[in-house]
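We count ligands from 1, going down the list as the structure has it; atoms in each ligand are counted the same way.
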Amino acid sequence: MSRQYNIALIPGDGIGPEVIREAVRVLKHIEKRDDRFSFAFREFPWGCDFYLRHGKMMDDDGMEILKDYDAILLGAIGSPEVPDHISLRNLLLRIRHDFDEYVNLRPIKLLEGAPTPLKDARREEIDMIFVRENSEGEYAGSGAWLYPNSPQEVVIQNGVFSRKGCERIIRYAYELARKKKRSLTSVSKGNALNYSMVFWDQIFAELGKEYPDVETHSLLVDAAAMFMVKDPARFGVVVTSNLFGDILTDLGAAITGGMGIAAGANLNPEKTFPSMFEPIHGSAPDIAGKGIADPIASIWAVSQMMDFFGYEDWGEKILRAIEDVLKEKQSLTPDLCGSASTEECTEAICRLL
Ligand code: NAI
Ligand code: MG
């Protein structure tokens, strides 16, 4: 019997709608070729334009409506006309937080044909999976702004690290490393962050006792950044905090073909709430409306969504089609030195699927 998946689309701002259209095109292409599943889409107009018209980033009952969907596909949020801390926090970060999408899963894999600025790097040497804590840490929004506009002005931004929060993300990473038969590296900074990261390291070591079969490493975040460039082959699965993960995965995107390619999944592994899949790039106002945004990142996000739904065969096939289009070099967008449009690139991927 065919299962119908209800997908909420939040195209958002800038190139968001341009790339989400392409993600949907790929999903419509594959649903015709497999009778195990079909998709029903509903699009929501939330984002910065919505904010400028209504004074809010989403409808008041938005979270209530989204709750019943199987997954959310998000384009990008951000406009020069709305401060980023308002737009990001009230839509993207709100969904991640309120739906307890505590795992941010980002593949950092150099596909054949993708450009890398690392001289002499071979494809098989750059193949890591980042597991970024996605619900607390430095992005918990905890702090204070005291005595504003006075000489005594003080701002405090707290890092929030709960035992529950650290244990569940680190456990997720151990399980993933075991399943994929890869090593697990924890990235922290216990030498300088003497509460949060000492606690993190302690939990990493504690849980490690339950996974004697998983090879583990611990790195300070500065050394990890250096090794991602100098010796990326040493990484398999990597687990880290919200802030460190945010920064290191952009570095990861840069060494595997750039922002036009990189995707990320925000997972609620228990499936109590919908998970959200997105290209990791922003709204790219500099190229919005030109029809040249690279659709690969959002199509890779679709591949992650199919993995999460349990159709890993399709996740793999979509990734291989992306790799084939990169190898062919005939249908790439300008960020990858091609001259194809967003739509032409997707059509080539569908042809290769
Ligand atoms: P950005 O990712 O939008 O753009 C950075 C550079 O990468 C630009 O030169 C852009 O043209 C290029 N680029 C990004 N995606 C591309 C694609 N698919 N194809 C070809 N080139 C692509 O980051 P930026 O400029 O720092 O931020 C712009 C806005 O997006 C800001 O408002 C920011 O807050 C927001 N933002 C939103 C995110 C999200 O919704 N997840 C993530 C990052 C930024
Ligand atoms: Mg980021």
If you define the side chain from C-beta out and look only at heavy atoms, does anything of Thr240 sit under 4.5 Å from Ser186? no
Assess Lys271 against Phe308: is NZ or CZ under 6.0 Å from the centre of the six-membered ring, and within 45 degrees of the ring's axis? yes
With a heavy-atom distance limit of 4.0 Å, tell me whether Leu92 approaches ligand 1 through its side chain, its backbone, both, or neither. side chain
On a heavy-atom basis, I'd like to know which of Gly282, Ala288, Gly75, Pro279 is closest to atom 43 (C) of ligand 1. Gly282
May I ask you to check if Arg132 and Phe244 form a cation-pi contact, with NZ or CZ under 6.0 angstrom from the six-membered ring centre and within 45° of the axis? no
Against heavy atoms of Glu278, which atoms of ligand 1 measure under 4.0 Å? 41 (N)
Nearest-option assignment for atom 37 (C) of ligand 1, heavy atoms, candidates Leu74, Ile287, Asp84, Ile77: Ile77
Which of the ligand 1 atoms, numbered from 1, are nearer than 4.0 Å to a heavy atom of Ile280: 42 (C)
With respect to atom 3 (O) of ligand 1, which of Ala284, Gly260, Gly78 exhibits the smallest heavy-atom separation? Ala284
Strictly under 4.0 Å, does any heavy atom of Ile296 approach an atom of ligand 1? no
By number and element, which atoms of ligand 1 are closer than 4.0 Å to a non-hydrogen atom of Ile15? 15 (N), 16 (C), 17 (C), 18 (N)
For Pro285, take its heavy atoms, then give the atoms of ligand 1 lying under 4.0 Å from any of them. 28 (C)
Validate the cation-pi geometry between Arg53 and Tyr51: distance from NZ or CZ to the six-membered ring centre under 6.0 Å, angle to the ring axis within 45°. no
Looking at ligand 1, does Ala297 have a heavy atom less than 4.0 Å from it? no
Quick check, are the ring centers of Tyr174 and Tyr172 under 6.0 angstrom apart? no
Is the charged tip of Arg42 near the ring of Tyr69: under 6.0 Å from the six-membered ring centre and within 45° of its axis? no
Might you point out which heavy atoms bring Gly289 and Glu18 nearest each other, and give the distance in Å? N-OE2, 2.6 Å
